[in-house]
Protein chains: 2
Amino acid sequence: MARTAGSHSDITGPRIQRAALSLFARQGYAAVSMRQIAAQVGVQAGALYNYTPDKQSLLFGLMRDHMEELLATWRARAGSGSPMARLEDFTRFHIRFHLTRPEEVFIAYMELRNLSPENFAVIEGLRGDYEDALEEILRAGVEAGVFDVPDPKIATLAVIAMLTGVNTWYRSGGRLSLEEVETIYWDMVRKAVGVAPA
Amino acid sequence: MARTAGSHSDITGPRIQRAALSLFARQGYAAVSMRQIAAQVGVQAGALYNYTPDKQSLLFGLMRDHMEELLATWRARAGSGSPMARLEDFTRFHIRFHLTRPEEVFIAYMELRNLSPENFAVIEGLRGDYEDALEEILRAGVEAGVFDVPDPKIATLAVIAMLTGVNTWYRSGGRLSLEEVETIYWDMVRKAVGVAPA
DNA sequence: AGTCTATATGAACGTACGTTCAGAAAAAAC
DNA sequence: GTTTTTTCTGAACGTACGTTCATATAGACT
């Protein structure tokens, strides 16, 4: 029986997901056709509709799965140490998670405007949940007197923007290891939100 | 005489440029048709080709003009004070310039992959020139002992990513003025690249 | 008024799109 | 080995795309 149910819990064939992922990342959602995705899987275009109701659900599924895995992985890892230790852990986690999934990250940032309004709201909600995790750490650090940020919400967005920026230049096999990149960025984050030097 | 020459110095009608700018920013290059742009100008699609050789040149012209204005404006403003003063000036300039041109900035970041290889190289070159301006400031500060960054190139990219991130959340008329935003980010930049507190 | 030049129209060209569906093929169940 | 279920093909539908061009319009110059 062909699958035609609502989009939220659809299971799309993994090979189709992977094909869509790499094509959307390389060419952009609007520039990729269902026939291209089908060709990459080795099938005719019509066959895709046994696994996904439409092209939009394919995009939404990729983004939702990525954001949910990001959140679940962080929540499973987040500890209850000092704000400083939790911030370091968040920083290293964020860089490592994002650098190991460059295609998913690229799509999650670039294709937001190609989501339907309802799907957009879902992804934005998940993104907000993730931002809240960092904001809570910063607020705890301010309360404890170890961080000095005038506006934790803005500092959250600034830190995340800085960290996610790694994806625009890092190439594995380059002159810096993942560990070194983590440490360089952690130095900057620590100083940026820490109590002022002078 | 219709304009059909090479793309570099074409002058595209300003009304067409503005229409393309707002449509590309809102829907993305691939999702906007020449007929939509023409409709926004109040003309039939064929008339656009009196002003631009093709759709690609329209995109490239927008991005090139934006990057060249960014560079020219900075170069006209950049002073020769202390590294700290120059960094503060760069920070405030970058935020102000980008926040007052949200559509151009959005396109310049999101539509890179829709440029032809030759056009992409041009835009990347201009972006590199701009990054070099900040990197030079950081290197001067390291040499003077007022900045502490292990890798000026990476610090450059990190700072620019952080600053450009403002565009994702700032809305004029919100609770923070442009001046306040500048100051908050300058605090973080100054601390992030400054000599360590402890 | 008449000529020339710049700009616009509107139809057309060939191609590609997302999606549907009857029927063929293949796999699973018995 | 036959039936039943699942999956795929291949053609088709209607629509839209970027671009071209013969023709019409309108303004500028003499």
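In terms of phosphate contacts, A:S33 brings a side-chain nitrogen or oxygen within less than 4.0 Å of OP1 or OP2 of C:dC17. At C:dA6, none of the side-chain N or O atoms of B:N50 fall inside 4.0 Å of OP1 or OP2 (strictly under the cut-off).
Ring-centre distance between A:W74 and A:F93: below the 6.0 Å cut-off.
Counting to the nearest Å, the P atom of D:dT20 and the NZ atom of B:K55 are 15 Å from each other. Summarising the geometry, the separation between CG on B:L48 and P on C:dT7 is reported as 14 Å, rounded to the nearest angstrom. B:Y51 places its OH atom 19 Å from the P atom of D:dG18, with the value rounded to the nearest Å. The CG-P distance, from B:L59 to D:dG18, rounds to 13 Å in whole Å. Between the CD atom of A:Q56 and the C1' atom of C:dC17 there is a distance of 16 Å, rounded to whole Å. Protein atom CE of A:M34 is 18 Å distant from nucleotide atom P of D:dG10, rounded to whole Å. When the P atom of D:dC17 is taken as reference, atom OH of B:Y49 falls 11 Å away, rounded to whole Å. To the nearest angstrom, C1' of C:dA22 lies 16 Å from CD of A:Q44.
Side chains of B:M67 and B:L70 form a contact here, defined as non-hydrogen atoms less than 4.5 Å apart. A:I137 has its side chain out of reach of A:D89: every pair of non-hydrogen atoms, C-beta onward, lies at least 4.5 Å apart.
Checking D:dT9, C:dT19, C:dT9 against every side-chain atom of A:D54, the shortest atom distance belongs to C:dT19. Ranking C:dC17, C:dT19, C:dT9 by closeness to the B:V43 side chain, first place goes to C:dT9. Comparing D:dT20, C:dT9, D:dA12 against the side chain of A:R35 picks out D:dA12 as the nearest.
If you find the closest nucleotide of DNA chain C to A:A47 and to A:A30, the one lying nearer the 5' end belongs to A:A30.
Across all strands shown, A:V32 has heavy atoms under 4.0 Å from sugar-phosphate atoms exclusively, and none from any base.
Taking the ring axis of B:Y109 as reference, the NZ or CZ atom of B:R127 stays within 45° of it and closer than 6.0 Å to the ring centre.
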Could you go through B:E135 and B:R139, starting from their C-alpha distance and side-chain angles, then the distance that decides it, and tell me whether this counts as salt bridge (charged side-chain N to carboxylate O under 4.0 Å, His left out)? CA-CA 6 Å; B:E135 188 177 343; B:R139 288 191 188 280; 2.6 Å; yes
